[in-house]
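To keep things clear, I will list the structure first and then write my remarks on it.
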Amino acid sequence: MSSSSIDRLLKNPVSFLDDCEPDDDIAISSRIRLARNISKYPFPHAASPEILQKICETASSAAGEVSCFKNAKDRTFIPAELDETDREILVERRLASREFIKTPENRALFVCPDECCSLMINEEDQLRLQTIHPGFKLREAWKMIDRIDDELSQHLDYAFDEHFGFLTSCPTNVGTGMRASVMLHLPGLVLTEQIAPTVKGIGKLRLAVRGIFGEGSGNNGNLFQISNQSTLGESELKIIDELEAVIRQLIMQEKNARRSLLENNRYAILDHVGRSYGLLKHSYKLGFEEALQSLSGLRFGVDMGLFSNIDIHKVNELFIGISPAHLQKRMHAQISADEIDICRAALCREKLRQIG
């Protein structure tokens with residue numbers, strides 16, 4: 001496959017960054033993933049290449065019958081036919097996992113038109129279905145993925161046990177097979193040094209805290225993913241209820257931290273935001289982590305009402321646009337790490353001239 005499908009993908013804005021609700025300054029996106037396997041085949045790690053190919057064909061045929069993936073030839077990606085940069089694009093847009101692109105053979109990815117839903121075939125499990133929505137919308141994400149899962153199950157016989165539930169490659173996913181998560185922007189808790197005890201407390205509630213790119217990633221840009229760890233013995237709606245309760249508490253804590261900074265340490269906010277804005281507007285070389293931290297500061301300033309003329313949607317687009325593979329595609333060439341940093345700084349300067 002040529003990179004034409006990736007090029008078409010890049011013309012679309014990233015839908016999960018299109019915030020529109022009052023709490024979307026803190027809750028960036030909500031995501032639900034379901035792990036499923038087909039009963040008559042071994043799990044991917046135990047399957048031969050020939051069986052993996054058969055699984056891919058069977059699951060792809062079923063996906064083609066699902067409403068959101070129908071007529072999606074230009075949104076069906078075969079990782080083995082993409083170059084490394086194009087595969088990285090899929091990870092940066094949160095459509096595929098790094099594990100999925102690491103060994104691309106006998107795998108396929110289906111993406112719906114607005115990128116709010118995707119299906120990985122032959123990742124850790126045979127099917128990894130995902131829905132992602134902007135803001136704090138776990139229930140909307142659940143309703144969508146539940147409907148799509150029902151459609152898929154009409155064409156596939158899932159591996160299911162009456163006692164344990166859905167059977168998965170990793171024992172921690174057995175049961176509902178569901179991982180629900182919300183991406184939060186928490187600069188207030190970071191600046192007031194409350195984030196460490198907060199993360200520790202979240203861990204005691206059987207929830208996981210990860211960075212922007214999931215497991216193994218740091219909290220770059222003060223972005224934190226909060227997700228359930230338990231899937232066995234609880235219903236999907238109970239898991240969502242419990243996660244929602246914690247997210248609401250975290251949003252309130254972040255609001256209180258921001259209010260405290262504004263009332264008691266206003267110049268700390270002004271300095272943090274001003275340095276972030278200055279770095280983005282005047283730098284000629286920017287590393288990825290440095291740019292993410294600066295964008296976090298700029299977004300924080302917009303959320304706190306310190307800018308009247310900066311479009312938050314344009315700031316959100318930069319969170320994806322500054323990623324290495326997106327910059328490679330922007331330059332239409334393979335460029336060195338040093339050149340990527342130069343290109344990243346140029347993009348930030350250009351966007352800030354346009355938006356403020």
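We count residues from 1, following the sequence as given. Just so it is clear, the model here is predicted, and its values are computed rather than measured.
- Counting heavy atoms from C-beta outward, Leu34 and Arg128 have side chains that stay 4.5 Å or more apart.
- Without hydrogens or angle criteria, Asn122 side chain to Asn106 main chain gives a donor-acceptor distance under 3.5 Å.
- Residues Phe224 and Arg210 form no side-chain contact, since every pair of their non-hydrogen atoms from C-beta on lies 4.5 Å or further apart.
- Taking the side chain as every heavy atom from C-beta outward, Ile148 and Cys68 approach each other to under 4.5 Å.
- Counting heavy atoms from C-beta on, the side chains of Leu352 and Tyr277 come closer than 4.5 Å.
- Using a cutoff of 4.0 Å between basic side-chain nitrogens and carboxylate oxygens, Arg275 and Asp271 are scored as salt-bridged.
- No side-chain heavy atom of Leu90 sits under 4.5 Å from any side-chain heavy atom of Pro79.
- A ring-centre distance under 6.0 Å is not found for Phe110 and Phe77.
- Counting only distance, with no hydrogens or angles, the side chain of Ser323 and the backbone of His326 share no donor-acceptor pair below 3.5 Å.
- A cation-pi contact, defined as under 6.0 Å to the ring centre and within 45° of the axis, is absent between Arg258 and Phe300.
- Using modelled atom types, one finds a donor on one side chain and an acceptor on the other under 3.5 Å when comparing Ser97 with Glu123.
- Without hydrogens or angle criteria, Thr168 side chain to Gly177 main chain gives no donor-acceptor distance under 3.5 Å.
- For the residue pair Arg179/Thr172, the side-chain donor-acceptor check at 3.5 Å is satisfied.
- Closest approach of Glu124 and Ser169 over heavy atoms only: O-OG, 2.7 Å.
- With hydrogens and angles disregarded, a donor-acceptor distance shorter than 3.5 Å links the side chain of Glu254 to the backbone of Leu189.
- The backbone N or O of Leu280 sits nowhere less than 3.5 Å from a side-chain atom of Ser294 that would complete a donor-acceptor pair.
- Residue Leu138 is tested with His133, Arg31, Glu244 for a side chain to side chain contact (heavy atoms under 4.5 Å, CB included); the sole match is Glu244.
- Between the side chains of Glu57 and Gln53, at least one donor N or O sits under 3.5 Å from an acceptor N or O.
- In this structure the side chain of Leu119 never reaches within 4.5 angstrom of the side chain of Leu109, judged on heavy atoms.
- Looking at Glu92, its side chain never comes within 3.5 Å of a backbone N or O of Ile320 through a donor-acceptor pair.
- Side-chain contact annotation: Asp125 with Asn37, donor-acceptor N/O pair under 3.5 Å present.
- Applying the side-chain contact (heavy atoms from CB on, under 4.5 Å) rule to Phe160 yields the partners Glu162, Phe166; only residues at least two apart in sequence or on another chain are considered.
- Using modelled atom types and a 3.5 Å distance limit, the side chains of Thr231 and Asn173 yield no donor-acceptor pair.
- Ion pairing between Arg98 and Glu88 holds under the 4.0 Å rule for side-chain N and carboxylate O.
- Within the 4.5 Å cutoff, side-chain heavy atoms of Leu292 are placed close to those of Ile322.
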- Task: Report the C-alpha separation of Gln229 and Arg206 in whole Å, then their side-chain angles, then the decisive distance to 0.1 Å, and conclude whether the side-chain hydrogen bond (donor to acceptor under 3.5 Å, both in side chains) test is met.
- Result: CA-CA 6 Å; Gln229 293 195 86; Arg206 296 185 304 165; over 6 Å; no
- Chi angles and distances behind the side-chain contact (heavy atoms from CB on, under 4.5 Å) call for Gln225, Val182: CA-CA 6 Å; Gln225 283 192 71; Val182 179; over 6 Å; no
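- A donor-acceptor pair under 3.5 Å links the side-chain atoms of Ser235 to the main chain of Lys238, judged by distance alone.
- Put simply, the side chain of Asn228 never gets that close to the backbone of Ile239: no donor and acceptor are under 3.5 Å apart.
- Although no hydrogens or angles enter the test, the distance criterion places a donor-acceptor pair under 3.5 Å between the side chain of Gln130 and the main chain of Arg94.
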- Verdict with reasoning, Val91 to Phe100, per side-chain contact (heavy atoms from CB on, under 4.5 Å): CA-CA 9 Å; Val91 175; Phe100 181 73; over 6 Å; no
- Chi angles and distances behind the side-chain contact (heavy atoms from CB on, under 4.5 Å) call for Gln126, Ile121: CA-CA 5 Å; Gln126 293 165 9; Ile121 297 175; 5.9 Å; no
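- With no hydrogens or angles considered, no side-chain donor-acceptor pair links Arg299 and Asn222 at under 3.5 Å.
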- Task: Check the pair Thr176, Leu232 against side-chain contact (heavy atoms from CB on, under 4.5 Å), reporting the backbone distance first and the verdict last.
- Result: CA-CA 6 Å; Thr176 63; Leu232 183 63; over 6 Å; no
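- Thr192 and Gln194 are linked by a side-chain donor-acceptor pair at a separation below 3.5 angstrom, with hydrogens and angles left out of the test.
- Within 6.0 Å of CD on Glu193 lie no more than 12 heavy atoms contributed by other residues, nucleotides or ligands.
- In summary, the side chains of Glu65 and His155 do not present any donor paired with an acceptor at a separation below 3.5 Å, with no hydrogens or angles considered.
- Partner Arg36 forms a salt bridge (Lys or Arg N to Asp or Glu O under 4.0 Å) with one of Asp157, Asp149, Asp150 and no other, that one being Asp149.
- Side-chain atoms of Ser296 and His185 include a donor-acceptor pair closer than 3.5 Å.
- The residues Glu99 and Lys102 are annotated as salt-bridged, a charged nitrogen and a carboxylate oxygen being separated by less than 4.0 angstrom.
- Put simply, the side chain of Leu129 reaches to within 4.5 Å of the side chain of Ile145, judged on heavy atoms.
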